[in-house]
Each structure stands twice: as structure tokens, then as C-alpha cells.
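Numbering of residues begins at 1 and proceeds along the displayed sequence.
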Amino acid sequence: MYLIERYIMAETRRLVMIIVGFLIFIFASYSAQRYLTEAANGTLALQAVLDIVWYKVLIALEMLLPVGLYVSVAIALGQLYNDSEITAIFASGSSPLRLYKAVLILAIPLGMLVTVLSMYGRPWAYAQIYQLKQQSQSELDVSHLLPKKFNINDSGRMILAEHIDATSDHLSDALIYTPSASKTSIYRVHSLEVIDPSPTTPSVMLHSGTAYKLDHKGTEDTEQRYDNLNLHLKPLQQSPDVKSKSASAAELSRSSDPADIAELQWRESRGINAILMALLATALSRTRPRQGRFATLLPLTILFTIIFYGGNICRTLVANGTLPVIPGLWLVPLLMSIGVLILIAREFSLLQKLFR
């Protein structure tokens with residue numbers, strides 16, 4: 001490998017490690033704060049928080065790694081332009097393609113890693129998160145419930161209890177609220193015992209209380225007093241969005257649902273997007289001498305915002321059937337490829353004018 005490529009790669013690689021490490025720390029801190037709040041509110045088991053944060057970081061790497069490379073290339077090359085080192089490289093007869101070659105040597109392996117994470121790590125992590133949430137919220141594990149607090153799970157079920165005995169799975173002076181599409185059920189109970197904590201068929205035994213069924217149309221409201229009532233609760237249902245995100249690539253490829261197709265195209269395009277973003281950063285990092293290595297960060301930030309929101313908009317449009325699956329989410333990489341070719345052509349025309 002030539003000296004110029006090694007030099008550019010060393011500068012960029014060092015920045016990638018620093019920036020990606022910083023982004024991971026920020027994202028993990030934000031996720032930990034979010035899920036610790038849920039644990040404090042009694043909607044999530046405390047022991048599941050660390051695992052969920054780890055899985056969230058794994059999912060986020062498909063975005064953090066390309067962003068880290070994108071910013072690192074812009075800063076590293078901006079510094080070289082600012083110090084006139086790249087001007088000296090071009091003056092010695094080297095081609096601008098050597099800059100792109102150095103960046104590609106880093107970008108291609110990183111793009112392959114992002115593709116693997118997106119195709120296999122992402123669905124696995126989402127499946128693990130759903131399983132942890134289901135165990136915390138559907139198994140009636142009273143150890144994470146807090147007394148005198150509204151303990152609400154993702155399906156909207158709320159449990160409020162004056163006293164909670166986690167060792168015997170016993171609640172006293174409790175109120176259970178379970179909503180549904182057509183009616184709302186409210187149970188006021190003197191004492192409650194967990195009979196079946198399984199995630200598929202959770203059930204409890206209620207002692208001495210009153211049950212209310214509130215019809216949303218207001219025509220079939222009922223009240224029932226009981227001494228003992230075996231109540232079968234609805235398990236936590238996996239939302240269609242979570243099902244799509246946790247499905248394997250093979251399952252998505254067999255599906256005709258536009259949402260599944262959008263999810264598959266999103267995964268497949270992550271690695272290509274990472275490489276194209278690095279090439280765009282290479283082309284747009286040109287600065288005048290003494291202009292400063294951060295001079296191009298504003299236009300690069302605007303470009304990244306367009307790419308990010310453009311991808312999300314295309315994904316939404318494909319999922320709801322507004323945008324055809326061809327080109328679908330590949331529209332964004334296609335436009336990025338055209339932009340890279342235009343910028344490379346401009347690079348050679350500027351170089352020819354410089355040495356004419």
C-alpha cells in the first residue's frame with residue numbers, strides 16, 4: 001500500500017474510533033436514562049435494563065458507524081486541505097482518485113460490517129428486546145411492581161396496589177385497569193394472588209372485590225361483586241412494527257406486505273449508504289488553505305440531514321404503498337451515487353484548470 005493512502009487512513013481511522021466511541025457513550029447514556037425511568041415507574045424489570053441498553057446500542061451501530069466514518073473523513077481531509085498537504089500531493093502528480101482509494105479501503109469493510117449488523121444483528125436484538133419486555137410485563141412478575149404507583153405496561157394494562165409482597169406474589173387493596181377496543185374493564189380487589197405467570201396465559205385470583213365492564217358505546221355497562229374470581233389477562237401483544245423489525249431476512253423476502261419490503265430494503269441499503277456517505281464526505285471536504293478543517297461541516301451536516309430524513313421518508317412511503325417498491329428505498333443510494341459521480345467529475349475538471 002502506498003504511503004499517501006496509509007497516511008490518510010491512519011488519520012481517518014483514529015478519528016473514527018474516537019467519534020464512534022463518543023456516539024456510543026451518548027446513545028447508551030440516553031437509553032439507560034429512558035429505561036431506568038421505566039423501571040422506576042414499575043413498567044419494566046430493573047434487571048432487564050442493562051440488557052435492553054446493550055441490544056439498543058447494537059441496533060444503533062448501523063447508524064453510528066456510518067456517521068462516525070462520514071464525520072471522520074470530513075475532518076481528516078479538511079485538516080489536510082487546511083495544511084496544504086493535499087495541494088502538495090496533487091502538485092507531485094498524484095491523482096485525486098488516491099483520496100477516494102484511501103477512504104474506500106476503510107469504507108468497504110465498514111460497509112460490510114454495517115450490512116451484517118443490519119441484516120442479522122438488528123432483527124436478533126429486536127427479538128431479544130421484545131422477549132425481555134414480554135417477560136417483564138406479561139409474566140406478572142410482581143417483583144418489578146411498585147406499591148402506590150400506577151404500573152402500566154405497553155398494552156395499556158395498569159395495576160395499582162397499596163401493598164405488594166414479591167415473595168408470595170400477593171397484592172392487597174389493588175386496582176386493575178385493562179382497556180380494549182370495545183370496552184374497558186376495572187377490577188377493585190381486596191387481595192390478589194398470581195396463579196399463572198406465563199407470558200401466553202397470565203391469570204390471577206381476585207378475592208373480595210367488584211368488577212366493572214364499561215362499554216364504549218354506553219349501552220352494556222355491568223357491575224359484578226365477587227368473593228373469588230379467576231381473571232385471565234391478555235398477554236402483551238407484539239406490534240406489527242416490532243414483528244417486522246424482529247423478522248429474519250428470509251421471512252421478509254417471502255412477504256408481500258409493503259411494510260416488510262420496506263424493512264428489508266432498509267437493511268440491505270445500510271452498507272451501501274455508509275460507503276456512499278464516505279465518498280460524498282471525501283468530495284465535499286475540499287477547503288481553501290487556512291480556511292479551517294471544520295469549514296465544510298455545515299454543508300456536510302445539511303447533506304447528512306437530507307440523506308437521513310430522505311431515507312426515513314422513503315421507508316414510510318414504501319410501507320404505506322405510496323412509493324413503488326422499485327426503486328423504493330434504493331432511490332436514496334441511487335441519488336447519492338449520481339452525486340458522487342458529479343463531484344468526482346468536478347474534482348478532475350478543477351484539477352485540470354489548476355495545472356493548465
Worksheet item: Going through the checks in order, is the side chain to side chain contact (heavy atoms under 4.5 Å, CB included) test met by V16 and L106?
Response: CA-CA 10 Å; V16 168; L106 284 177; 5.5 Å; no

Fill in: Trace of the side chain to side chain contact (heavy atoms under 4.5 Å, CB included) decision for T222 with Y212
CA-CA 6 Å; T222 61; Y212 303 92; over 6 Å; no

Discussion item. Apply salt bridge (Lys or Arg N to Asp or Glu O under 4.0 Å) to residues R225 and E223 and explain how you reach the verdict.
Written reply: CA-CA 7 Å; R225 297 184 180 275; E223 176 183 357; 3.6 Å; yes

Fill in: Intermediate values then yes/no, side chain to side chain contact (heavy atoms under 4.5 Å, CB included), I59 and Y126
CA-CA 8 Å; I59 294 169; Y126 270 116; 3.7 Å; yes

Worksheet item: Should I8 and L99 be marked as a side chain to side chain contact (heavy atoms under 4.5 Å, CB included) after you check the CA-CA gap, both sets of side-chain angles, and the distance that decides it?
Response: CA-CA 8 Å; I8 295 173; L99 301 182; 3.3 Å; yes

Item to complete: List the steps and the verdict of salt bridge (Lys or Arg N to Asp or Glu O under 4.0 Å) for E11 and R14.
Response: CA-CA 6 Å; E11 291 292 317; R14 177 178 57 85; 3.3 Å; yes

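Between I159 and F150 the shortest side-chain heavy-atom distance does not fall below 4.5 Å. Side-chain contact between R270 and M63: present, with at least one pair of heavy atoms (C-beta onward) separated by less than 4.5 Å. In this structure, the side chains of R6 and L3 come closer than 4.5 Å at one or more pairs of heavy atoms. Counting heavy atoms from C-beta on, the side chains of S337 and L276 come closer than 4.5 Å. For the pair H170 and S191, the minimum side-chain heavy-atom distance is below 4.5 Å. Proximity of M336 to I307: side-chain heavy atoms (C-beta onward) are separated by under 4.5 Å at one or more points. The shortest distance between side-chain heavy atoms of H216 and T184 falls below 4.5 Å. For the pair L117/L65, a side-chain contact is recorded, criterion being any heavy-atom separation below 4.5 Å from C-beta on.
A distance-only check finds a donor-acceptor pair linking the side chain of R267 to the backbone of K245 [under 3.5 Å]. Checked by atom type and distance alone, the side chain of S253 pairs as donor or acceptor with a backbone atom of A250 at under 3.5 Å. Checked by atom type and distance alone, the side chain of R188 pairs as donor or acceptor with a backbone atom of A174 at under 3.5 Å. Remark: side-chain polar atoms of Q265 are not paired, donor with acceptor, to backbone N or O of A262 under 3.5 angstrom.
Atom CG of L317 sits about 11.0 Å away from atom CG of N312, to the nearest 0.5 Å. Note that CZ of R315 and CG of L323 are 14.0 Å apart. Values are rounded to the nearest 0.5 Å. Note: T322 OG1 to I313 CD1 = 12.0 Å, rounded to the nearest 0.5 Å. Here CG of L192 is found 14.0 Å from NE2 of H163. Values are rounded to the nearest 0.5 Å. In this structure, the separation between NZ on K101 and CG on L104 is 10.5 Å, given to the nearest 0.5 Å. Once rounded to the nearest 0.5 Å, the distance linking CD1 of I19 with OH of Y70 reads 12.5 Å.
Nearest approach of G321 to P258, heavy atoms of both residues: N-CB, 4.5 Å. Heavy-atom minimum distance, K56 versus S31: CB-OG, 4.3 Å. Heavy-atom minimum distance, G271 versus T115: CA-OG1, 3.2 Å. Here the shortest heavy-atom pairing between L110 and A274 reads CD2-CB, 4.3 Å. For the pair P333 and N273, the tightest heavy-atom approach, listed with the atom from each and the gap, is CG-OD1, 3.1 Å. Pairing each heavy atom of G68 with each of L23, the nearest pair is N-CD1, 4.4 Å.
By the 6.0 Å and 45° rule, R122 does not stack over the aromatic ring of W124.
Both I108 and V340 belong to a single network of hydrophobic side chains, linked directly or stepwise wherever heavy atoms of I, L, V, M, F, W or Y lie under 4.5 Å apart. L335 and L329 are members of different hydrophobic clusters when ILVMFWY side chains are connected at heavy-atom separations under 4.5 Å. Under the 4.5 Å side-chain heavy-atom criterion for ILVMFWY residues, no single connected hydrophobic cluster contains both M277 and L331. Cluster annotation: M119 is not connected to L113 through the hydrophobic network of ILVMFWY side chains, with a link wherever side-chain heavy atoms come within less than 4.5 Å. Linking ILVMFWY residues whenever their side-chain heavy atoms come closer than 4.5 Å, directly or via other members, leaves I272 and L252 in distinct clusters.
Counting only N and O atoms by type, the side chains of D257 and S255 include no donor and acceptor under 3.5 Å apart. Side chains of H190 and S172: no donor on one and acceptor on the other come within 3.5 Å. Using modelled atom types, one finds a donor on one side chain and an acceptor on the other under 3.5 Å when comparing D260 with S244. A donor-acceptor pair shorter than 3.5 Å can be found between the side chains of E62 and W266.
The side-chain contact (heavy atoms from CB on, under 4.5 Å) test with L206 singles out one residue from L171, N230, I176, N228, and that residue is I176.
In this structure, F304 and F308 have parallel ring planes: the angle between them is below the 30° cut-off, well short of the 60° mark.
Few gaps surround CH2 on W330; more than 12 heavy atoms of other groups in view lie less than 6.0 Å from it. In the displayed structure, I338 atom CD1 is contacted under 6.0 Å by more than 12 heavy atoms of other residues, nucleotides or ligands.
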